[in-house]
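Here is the structure we will look at.
What you see is a predicted model, and the numbers here were worked out from it, not measured in a lab.
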Amino acid sequence: MKKRNILYTLAGSILLLLSTASCSDFLEPKSPNEYVPKDANALQELLIGAAYPTAYGGNRFLTFVDCFSDDWQFHKLDASFADDDIGRETALRALFTWQPDMFITMETQGYSYNNIWQGYYKYILGTNAVLDYIGDVKGTDEEKNYVIAQALALRGFYYFMLVNHFGAPYNYDKDALGVPLKLESKLNAEDEVLIPRNTVGEVYKQILTDLNEAERCFLTLPKAKQYQLDYMMNLPAVQLLKSRLFLYMENWAEAAKYANKVITDWNFSLLDLNNLPEPTKKEPYYNFVSPDSPEAIWFFGNIDDLAGINESVALEIEDPSGKSVYRDVFIASDELLNSFEENDLRKDNYIVKEFDNTNTEFLDSYSVYGKFKISSKGAPQSGESFALALRLSEAYLNLAEASALNQQEGAALNAMKTLLEKRYKTDTYQQPTNLTGETLVNFIRNERRKELCFEGQRWFDLRRYGMPSFSRMWAKEVYTLKKNDPSYTMPIPEEVLRENSSLEQNPLAPSRKD
């Protein structure tokens, strides 16, 4: 319990650090208008305050990681929006149906949306500031390398997320425009330069450079400091991110190599869903984004950011007594739910069921979130838990997929057997056998969808799988995302384009009609 308290105390202090990092006692003036840190410990505090994605407030960056994918579905009930939610209905419809002017519509309808482009770059500014100052502060090589490793790992992670939102998939067109690479901090407005977009390939090269150097710096540290059970970035997280990066780049050997490092070099273990504690009224769902979970590697993000779209507005229906009750606008898709076999323990542990406040009970329909801390009424416990975690199970999935695509099918099957025996009911589970070629790859990817559902990976996976066509409904109207559709790459928000005239908008799909 002591480690849990350390984790959340640290997370709770981040907003305070963010507000004081520019003028606290650990800074001294370098010029009349600028303050600089004195030592590596001060830079560590600045990193915590300005560059880490916290559970408490912070910059928005997770808002759109799931909502475009085939795991989301408009509620099937014959329901309507309340009169004062009509503007939000228009805004959410534009978003859910991949309209090219989604952000313009949301802005004109007065719907508050989160500019994740700005959110990512604010965090990147924090990492750059720390890296710019590291050569000028006092401290041991160990102290400095620890700060450098974290800053580079975080920056690599943010650029990975950015380029997969706003750039084409790497395996589709790495010469397409990605995002601007800003690799130093300029704190004065007169020093700011309007930076054009780098290519997707250039951004990936920089991500790999950052993660490689982060790994090198971590490896100079004592083993005990390479991984600690706290909120800080760590070496196994870097190795898992490298495995994911190589998977996207289709470098199967390196993807498998780094997945294996996460599995074999550390003391993480897969959680057996057969042995989860019994749910209680106070804690109806197990919290997988917690230091209590043996497979959680690194925690990040704000639940309001991740789940906010579905929490901001509700559908209104009348129950048999004529009383108005409310339901989520979006629920887990039938396709996702039907992919779970009856003896698969993940559906009812990973995905939260809708809650009926009228009758104080859970319903049969499933919402579009889970795994983090949930209240007794099925609501996300915002500010009390991180939104997401890098988990050991991804390493097994990365290893399996990379091995299968690299003609190492035995290794792929072994990885899947190890994972799935912890996910299915013990007395009815049957190990996968005689799978090969495309059938094996599809099996692994289907299990990946279920294992990582609502963790912000499905949309990115669909992109790297070849941007397949699929449809979904808004009320009774069908909208289709075509194969290789331009909307597989998000439009850059208009306010970003206004602020930086050197940016070029992404190719936009025609307006979508029902």
Side-chain angles (χ1 to χ4, degrees), residues 59-75 81 85-121 161-169 176-179 197 304-315 328-331 333 368-369 454 456 458-460 462-463 467-475 477-500 503-514:
N59 302 314
R60 301 297 192 176
F61 72 107
L62 297 175
T63 306
F64 305 110
V65 291
D66 271 325
C67 64
F68 301 122
S69 81
D70 54 356
D71 286 349
W72 280 48
Q73 176 176 300
F74 188 82
H75 210 302
F81 286 83
D85 276 337
I86 298 303
R88 291 181 176 181
E89 175 184 10
T90 303
L92 288 177
R93 182 178 184 140
L95 183 71
F96 187 73
T97 59
W98 315 285
Q99 297 295 341
D101 61 349
M102 61 178 74
F103 294 133
I104 297 174
T105 301
M106 294 176 82
E107 188 173 5
T108 57
Q109 292 296 328
Y111 185 92
S112 176
Y113 76 93
N114 299 322
N115 188 333
I116 64 169
W117 178 288
Q118 291 181 347
Y120 280 114
Y121 276 107
M161 298 294 285
L162 262 172
V163 77
N164 278 285
H165 278 101
F166 298 105
L177 291 177
V179 295
R197 299 170 68 181
D304 280 340
D305 183 11
L306 182 68
I309 289 177
N310 209 38
E311 292 290 294
S312 61
V313 63
L315 292 171
D328 291 341
V329 176
F330 305 113
I331 57 175
S333 70
V368 288
Y369 54 79
F454 307 125
R458 178 61 179 175
W459 178 243
F460 289 177
L462 288 172
R463 284 163 41 89
M467 297 182 284
S469 177
F470 68 94
S471 299
R472 54 188 191 180
M473 298 181 67
W474 178 275
E477 298 164 352
V478 178
Y479 293 83
T480 299
L481 193 67
K482 298 178 181 178
K483 181 172 174 57
N484 297 334
D485 199 295
S487 290
Y488 264 110
T489 300
M490 282 178 60
I492 298 174
E494 289 297 316
E495 63 182 294
V496 173
L497 296 174
R498 290 194 295 267
E499 293 173 0
N500 186 349
L503 294 179
E504 180 181 335
Q505 179 62 281
N506 284 318
L508 300 178
S511 179
R512 299 181 191 280
K513 307 296 183 183
D514 55 277

To the nearest 0.5 Å, how far apart are [atom1] in [X] and [atom2] in [Y]?
X	Y	atom1	atom2	result
Ser487	Leu508	OG	CG	7.5 Å
Met106	Thr90	CE	OG1	11.5 Å
Asp70	Leu462	CG	CG	5.0 Å
Asp71	Ile331	CG	CD1	12.5 Å
Leu62	Cys67	CG	SG	11.5 Å
Ser69	Phe470	OG	CZ	6.5 Å

Check: [Y] and [X] side chains under 4.5 Å, non-hydrogen atoms:
X	Y	value
Leu306	Phe454	no
Phe103	Asn115	no
Trp98	Arg472	yes
Thr489	Arg463	yes
Val65	Met161	yes
Thr63	Ile309	yes

Q. With under 30° as parallel and over 60° as perpendicular, where do the rings of Trp117 and Phe166 fit, or are they tilted in between?
A.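 Perpendicular: the ring planes of Trp117 and Phe166 meet at over 60°.
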
Any donor and acceptor pair, going by atom type alone, linking the side chain of [X] with main-chain N or O of [Y] inside 3.5 Å?
X	Y	answer
Gln99	Ser511	no
Tyr120	Asn59	no
Asp305	Phe61	yes
Arg197	Leu177	yes
Asn506	Met490	yes
Ser333	Trp72	no

Which heavy atom in [X] sits nearest to a heavy atom in [Y], and how many Å separate them?
X	Y	result
His75	Asp328	CD2-O, 3.0 Å
Thr105	Ala91	CG2-CA, 4.3 Å
Val329	Trp474	CG1-CH2, 4.4 Å
Pro486	Pro507	CB-O, 3.6 Å

Q: Among Phe68, Phe96, Tyr369, find the residue that satisfies the ring-ring contact (aromatic ring centres under 6.0 Å, His included) test when tested with Phe330.
A: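 So, applying the ring-ring contact (aromatic ring centres under 6.0 Å, His included) to Phe330 and each of Phe68, Phe96, Tyr369, only Phe96 qualifies.
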
Q. Can you name the residues that form a side-chain hydrogen bond (donor to acceptor under 3.5 Å, both in side chains) with Ser471, not counting sequence neighbours?
A.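 Ser471: side-chain hydrogen bond (donor to acceptor under 3.5 Å, both in side chains) contacts with Thr480.
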
**Q.** Residues forming a side-chain hydrogen bond (donor to acceptor under 3.5 Å, both in side chains) with Asp66, sequence neighbours excluded
**A.**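 Residues passing side-chain hydrogen bond (donor to acceptor under 3.5 Å, both in side chains) with Asp66: none at all.
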
Q. Tell me, which pairs form a salt bridge (charged side-chain N to carboxylate O under 4.0 Å, His left out) where one or both residues lie in residues 481-496, sequence neighbours left out?
A.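 For residues 481-496: Asp485-Arg512.
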
